[in-house]
Amino acid sequence: MADNKQQNKQAQEPNVNELLKVRYNKLAELQENGKDPFAITKYDVTHHSMEIKDNFDTMEGMDVTLAGRMMFKRVMGKASFCNIQDLQGNIQSYVARDSIGEDSYKDFKKYDVGDILGIRGKVFKTKTGEISIHAEEVTLLSKSLQILPEKFHGLTDTDIRYRQRYVDLIMNADVKDTFIKRSKMVSAIRRYLDGEGFMEVETPMLVANAGGATARPFETHFNALDEDLRLRISLELPLKRLIVGGLEKVYEIGRVFRNEGLDTRHNPEFTLMELYQAYTDYHGMMDLTENLYRYIAKEVTGSEILTYGEHEMDLSKPFERITMVDAVKKYANVDFNDIKTTEEAKALAKEHHIEFEDRHEKGDILNLFFEEYVEEHLIQPTFVMDHPIEISPLTKKKPENPEYVERFEFFMNGWEMANAYSELNDPIDQRARFEAQEKLLAAGDEEANHTDEDFLNALSIGMPPTGGIGFGIDRMVMMMTNSPAIRDVLLFPTMKSLDK
């Protein structure tokens, strides 16, 4: 009996291929009658939906033209209603045969949900109080030959949402809002930094030596020069060359590429913002970060209080500043000030069941303790300062304790949000750090840096004391929009090919 019901249901539902065929036939009929929508090259739009709704008191009775995708249509004899969705939102249109003409009304009744229409008419309010457009002319601007997801269920399959972002943006208003906020956020960053006297610059994406971070690069081949190149993993080294050249405040917002795995906070290509400022240090970078984050939060969300999941983060208060050693002491009850040798550190790691590699030094073990015991607790804005030298090959040593460097990582919600240094400007020290990285590379660490001779030459010419910082733009957008995964804030996230 159940099988019969299923068969009857399937018999009553039109085949998708048949529905698509109907749309293609409608297009052919329009073209045969000289009404090809794809022949239209422009349409003059005077207003958008929310602009009309927000200003109804002054716009009632005004002639307007707007354009967008028809998301709903209800035909009722000589008059119909449709809903048009544009960049700002949606608005209802009342379409009557006597207003647009009999032939146009016949055409309108054949239009499908998903078609892109231009509406010219007057602003009014229906008897039920809904702000609408009384159409005087309806123009088919583009024929949709595909079927949108069913209105009330929307598009919920995350894999399809990420692969077909264009459909996701149509069906889910909150998704469109996220990407509008992303654009506003990047614009606000530029406004703030420009106001502070920074210069925006562009540096190469294809490089012979991908340095400036601990990450495995993507490799490619340049046929014209018959040379192997890499996609950049960082913006750091070319930007610091510009500081050497006398550009005292520089920044870049751009894509970087790291040959790593995918998870909720990592995508192999992502947007990084790095800035460098001469004559300051990592304390100056902390001050800049606090001020920038407060400014961005107010510009994008209207508040200095951010809500992400179950956590509420207060950016209005001074951000906590704590050393990595003190943070491990606070949350793991282990004091690395008492640890003198790498052997002692490794023994301590074994006691706490922390896995490490033979090549790891005392500073590496400290960082492993930090990752294991501390990160998850750093919910409120926190600067974790003074990292061990082993994990910071481009950072200036602390004069009073050369085992550590003048570096901080900025944390919120248990995530690293930014990484900053008092930049190393001693070319002799920098060469020794590069040599240590080469040994790690030879030992099998694919994320270690190669020696960059041109960068060493730049440092030899002389770089002033400099503070530098890198911000992950995607994570910042996640935080500002309460988005659970990095793919939710990337218009086109990296996806596994459907052919595999």
Side-chain angles (χ1 to χ4, degrees), residues 23 26-27 30 33-145 148 151 154 166-181 183-184 187 302:
R23 293 197 176 207
K26 287 180 180 180
L27 174 62
L30 286 166
N33 293 328
K35 300 176 181 178
D36 184 1
F38 300 126
I40 296 174
T41 58
K42 62 174 292 189
Y43 188 79
D44 293 326
V45 175
T46 63
H47 296 83
H48 283 83
S49 57
M50 295 309 296
E51 182 183 3
I52 294 169
K53 289 182 174 182
D54 292 342
N55 298 283
F56 174 76
D57 289 344
T58 58
M59 292 189 66
E60 185 176 13
M62 184 182 293
D63 286 313
V64 296
T65 60
L66 61 110
R69 192 176 301 275
M70 183 166 66
M71 301 299 293
F72 170 78
K73 184 178 76 168
R74 186 170 76 249
V75 176
M76 305 180 301
K78 297 179 181 180
S80 302
F81 286 95
C82 67
N83 187 282
I84 300 297
Q85 178 174 290
D86 62 16
L87 173 67
Q88 295 182 353
N90 59 78
I91 192 166
Q92 178 176 269
S93 180
Y94 173 70
V95 183
R97 185 190 67 182
D98 293 345
S99 297
I100 68 170
E102 190 168 344
D103 289 343
S104 292
Y105 191 65
K106 285 180 181 178
D107 289 339
F108 171 78
K109 289 196 292 183
K110 295 179 182 178
Y111 296 160
D112 294 300
V113 168
D115 289 351
I116 297 176
L117 306 181
I119 304 285
R120 181 178 62 80
K122 286 185 169 55
V123 177
F124 81 112
K125 188 177 287 187
T126 65
K127 293 179 180 178
T128 59
E130 184 166 355
I131 296 170
S132 307
I133 307 299
H134 192 302
E136 296 173 354
E137 180 183 80
V138 178
T139 305
L140 179 63
L141 302 175
S142 182
K143 181 67 185 167
S144 175
L145 299 175
L148 292 175
K151 174 186 174 185
Y166 42 91
V167 181
D168 191 25
L169 290 166
I170 293 167
M171 299 307 300
N172 297 315
D174 57 332
V175 171
K176 184 187 288 185
D177 183 62
T178 291
F179 289 104
I180 290 172
K181 284 181 176 176
S183 179
K184 288 180 178 178
S187 295

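The analysis underlying the following values was restricted to heavy atoms, covering all of them including side chains, and did not include hydrogens, waters or symmetry mates.
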Hits for salt bridge (Lys or Arg N to Asp or Glu O under 4.0 Å) against E136, two or more places apart or cross-chain, chain-then-number order -> R120, K122
Could you walk me through whether H47 and T65 pass side chain to side chain contact (heavy atoms under 4.5 Å, CB included), step by step? CA-CA 6 Å; H47 296 83; T65 60; over 6 Å; no
Any side-chain to backbone donor/acceptor pair from N55 onto E51? Under 3.5 Å, distance only. yes
Just so I know, are the side chains of N90 and M71 near enough to count as touching, which here means a heavy-atom distance under 4.5 Å? no
What pairs with D44 under salt bridge (Lys or Arg N to Asp or Glu O under 4.0 Å), at least two apart in sequence or on another chain? K42
Rounding to 0.5 Å, atoms CG (N83) and CZ (R69) come to a distance of 13.0 Å
May I ask you to test the D112-R23 pair for a side-chain heavy-atom distance under 4.5 Å? yes
What pair of heavy atoms forms the shortest contact from A67 to V45, and how long is it? CB-CG2, 3.8 Å
Rounded distance (nearest 0.5 Å) linking atom CG of L141 with atom CD1 of I40: 5.0 Å
Could you check if a side-chain atom of T139 sits within less than 4.5 angstrom of a side-chain atom of L117, using non-hydrogen atoms only? no
Across all chains, not counting sequence neighbours, the salt bridge (Lys or Arg N to Asp or Glu O under 4.0 Å) partners of K110 are E29
Which residues share a ring-ring contact (aromatic ring centres under 6.0 Å, His included) with F124, sequence neighbours left out: H134
For L145, does its backbone N or O pair with a side-chain atom of K26 as donor and acceptor, under 3.5 Å? no
Can you check whether D174's main-chain N or O pairs, donor with acceptor, with T178's side chain at less than 3.5 Å? yes
The test is side chain to side chain contact (heavy atoms under 4.5 Å, CB included); show your working for K73 and F108 and say whether it passes. CA-CA 10 Å; K73 184 178 76 168; F108 171 78; 3.9 Å; yes
Shortest non-hydrogen contact between G114 and L148, atoms and distance: CA-CD1, 3.9 Å
Find out whether Y111 and L140 are in side-chain contact, i.e. whether some heavy atom of one side chain is under 4.5 Å from a heavy atom of the other. yes
Indicate yes or no: at least one non-hydrogen side-chain atom of T126 is less than 4.5 angstrom from one of Q92. yes
Would a distance-only check, ignoring hydrogens and angles, find a side-chain to backbone donor-acceptor pair under 3.5 Å from D86 to G68? no
Value rounded to 0.5 Å, distance of OH in Y43 from CD1 in I119: 7.0 Å
Taking the side chain as C-beta and beyond, is there a heavy-atom pair between M171 and Y166 under 4.5 Å? no
Exam field: side chain S132 to backbone E130, donor-acceptor pair closer than 3.5 Å: yes
Do K109 side-chain atoms and V75 backbone N/O form a donor-acceptor pair below 3.5 Å? no
Who pairs with K184 by salt bridge (Lys or Arg N to Asp or Glu O under 4.0 Å), at least two apart in sequence or on another chain? none
I would like to know whether M62 and F56 meet side chain to side chain contact (heavy atoms under 4.5 Å, CB included); could you show each step before the answer? CA-CA 9 Å; M62 184 182 293; F56 174 76; over 6 Å; no
Gap between atom NZ of K78 and atom CD of E102 - 0.5 Å precision: 9.5 Å
In the structure I gave you, are the side-chain heavy atoms of I52 and I133 within less than 4.5 Å of one another anywhere? yes
Reported NE2-to-CD1 distance for the pair H48 and I84, which is rounded to 0.5 angstrom: 12.5 Å
Can you name the side-chain hydrogen bond (donor to acceptor under 3.5 Å, both in side chains) partners of S80, sequence neighbours left out? Y105
Carefully, step by step, assess K176 and N172 under the rule side chain to side chain contact (heavy atoms under 4.5 Å, CB included). CA-CA 7 Å; K176 184 187 288 185; N172 297 315; over 6 Å; no
Please check: side-chain N/O of T46 versus main-chain N/O of V64, any donor-acceptor pairing under 3.5 Å? no
Side-chain touch S93/C82, heavy atoms, less than 4.5 angstrom: yes
Atom pair OG/CD of S99 and E137 - distance to nearest 0.5 Å: 12.5 Å
Member of D115, D107, D36 meeting the salt bridge (Lys or Arg N to Asp or Glu O under 4.0 Å) criterion with K143: D115
